[in-house]
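In listed order, ligands and their atoms are each counted from 1.
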Amino acid sequence: MAKTVLITGASSGFGRDTALLFKKKGWNVAATMRSPEKAKSWTGPASLFTPRLDVTDRASMQAGIDETVAKFGGIDVLINNAGFGLLGPLEGASPEDLRREVDTNLMGVIGMIQLVLPLMRKARSGVIVNVSSLGGRMTLPLFSAYHATKYAVEGLTESLQYELEGYGIRVKLVEPGGSKTNFDSSTSMVRTPHPAYQALIDGFDKMWAEQAAKLPGPEKVVQAIYRAATDGSARLRYPALAFPFLTIRNLVGARGWSAIMKMMVRRMR
Ligand SMILES: NC(=O)c1ccc[n+]([C@@H]2O[C@H](COP(=O)([O-])OP(=O)(O)OC[C@H]3O[C@@H](n4cnc5c(N)ncnc54)[C@H](OP(=O)(O)O)[C@@H]3O)[C@@H](O)[C@H]2O)c1
């Protein structure tokens, strides 16, 4: 019998391509998203099931899960993928920006896990894949709020593995590096400007644009998500596109990385 995966934030990027890969592999797929009507051009031909689900709205999360269970009979794999970035100085972020960042990237993950756990515990099996980021293992300037959420997802997942192991439920972290998706758009990368930091913002934007032009597509990340969900192992972390940032960070250690970042920021100012 086909297994069932529920993916959050499946309207574009990693979520969309992961939904299509699972479908191709014969899974039942609930490709959940905030606005299923926006995705008709590609979900229609793929005949994907697309429940509406906003990870900042608990009732919509429960409804998306209930619809999936009603259609497929259960949920074997949950992929917490929905997320967006706040880019800019922390001082420029409004309380609303910050709340939405935490509500989406952290509370959304926690809420989805809480809601699927009763199902998985009853079935005594399940896999939960949290799409974190290399930004959950190392930091760049101007991403403090985003890093705060991704570091939190790392700690959350690492701790959860201990309490869920006894119920046959495995948790996983996929840690993507920069990849060409919709993430760089104005909906997924919300800017928090502040005039006092303009020189740093300009310098960072220049570097970011150079990096963005060279970014690889999402394939390696999507493969890592699929592997994490299906390899049957107890492995926790799946970095993807780790080179160059995480590779260098691991080589030079925390102090070495901070020194490199500080030097870069001094040059930008
Ligand atoms: N691309 C990268 O370089 C990169 C690197 C590291 C980590 N990541 C992580 O990968 C994940 C996916 O990002 P992506 O690169 O695939 O970017 P993306 O193409 O912009 O996809 C982000 C998805 O999240 C959804 N989303 C945002 N807020 C939501 C909410 N409240 N409820 C439900 N869905 C919501 C978006 O839906 P809408 O269409 O409704 O906005 C979209 O489907 C994120 O968690 C991101 O932090 C990305």
Check: Does Thr8 reach ligand 1, in the sense of a heavy atom lying below 4.0 Å from it?
Finding: no

Next item on the list: Please confirm whether Ser35 comes under 4.0 Å of ligand 1, counting heavy atoms of the residue only.
Entry: no

Notebook entry, point to check: Heavy-atom contacts under 4.0 Å between Phe84 and ligand 1: side chain, backbone, both, or neither?
Noted result: neither

Check: Between Arg137 and Phe245, is NZ or CZ placed under 6.0 angstrom from the six-membered ring centre and within 45° of the ring axis?
Finding: no

Item checked: The one among Asp17, Asp54, Asn81 that brings a heavy atom closest to atom 45 (O) of ligand 1 -> Asn81

Checklist line | Numbered atoms and elements of ligand 1 in range of Thr56, under 4.0 angstrom, heavy atoms | finding: 31 (N)

Notebook entry, point to check: Take atom CD in Glu165; do more than 12 heavy atoms of anything else shown fall under 6.0 Å from it?
Noted result: no

Checklist line | Backbone or side-chain N or O of Ser133 under 3.5 Å from ligand 1 N or O | finding: no

Check: So is there a nitrogen or oxygen of Gly9 less than 3.5 Å from a nitrogen or oxygen in ligand 1?
Finding: yes

Notebook entry, point to check: To which of Ser188, Ala39, Ser132, Gly83 does the heavy atom nearest atom 9 (C) of ligand 1 belong?
Noted result: Ser132

Next item on the list: Give the residue and atom name of whichever protein heavy atom lies nearest to atom 47 (O) of ligand 1, and the separation in Å to one decimal.
Entry: Tyr146 OH, 2.7 Å

Notebook entry, point to check: Can any side-chain N or O of Thr8 pair as donor or acceptor with the backbone N or O of Asn81 at less than 3.5 Å?
Noted result: yes

Next item on the list: Using atom types as modelled and distance alone, determine if a side-chain donor or acceptor of Lys172 lies under 3.5 Å from a backbone N or O of Thr157.
Entry: no

Note to self: Keeping Asp76 on the side-chain end and Thr4 on the backbone end, is there a donor-acceptor pair under 3.5 Å?
What the structure shows: yes

Note to self: Just by distance, no angles: are the side chains of Thr181 and Ser179 close enough, under 3.5 Å, to form a donor-acceptor pair?
What the structure shows: no

Next item on the list: Could you check if a side-chain atom of Lys23 sits within less than 4.5 angstrom of a side-chain atom of Ser47, using non-hydrogen atoms only?
Entry: yes

Item checked: Backbone of Ser185 reached by a side-chain donor or acceptor of Ser188 within 3.5 Å -> no

Notebook entry, point to check: Any ion pair linking Glu154 and Arg237 (charged N to carboxylate O, less than 4.0 Å)?
Noted result: yes

Item checked: Protein contact of atom 27 (C) of ligand 1 - nearest heavy atom, named by residue and atom, plus distance -> Arg34 NH2, 3.6 Å

Note to self: Out of all atoms in ligand 1, which are within 4.0 Å of some heavy atom of Gly178? Include the element for each.
What the structure shows: 3 (O)

Next item on the list: Anything under 30° is parallel, anything over 60° is perpendicular, the rest tilted; go ahead and classify Phe143 against His147.
Entry: perpendicular

Check: What do we get for Thr187 next to ligand 1 when only non-hydrogen atoms under 4.0 Å count, side chain, backbone, both or neither?
Finding: neither

Margin query: Test your reading of the structure: does Gly15 have an N or O sitting under 3.5 Å from an N or O of ligand 1?
Written below: no

Note to self: If we only consider heavy atoms of Lys150, is any one of them less than 4.0 Å away from an atom in ligand 1?
What the structure shows: yes

Notebook entry, point to check: Are Val221 and ligand 1 in contact, using a heavy-atom cut-off of under 4.0 Å?
Noted result: no

Checklist line | Heavy-atom gap Gly108 to ligand 1 smaller than 4.0 Å | finding: no

Checklist line | Straight-line distance of Arg16 CZ to Thr50 OG1, nearest 0.5 Å | finding: 13.0 Å

Check: With respect to atom 21 (O) of ligand 1, which of Ala82, Ser12, Gly13 exhibits the smallest heavy-atom separation?
Finding: Ser12

Next item on the list: Can you pull out the closest protein heavy atom to atom 32 (N) of ligand 1? Residue, atom name and distance to 0.1 Å, please.
Entry: Val55 N, 2.9 Å

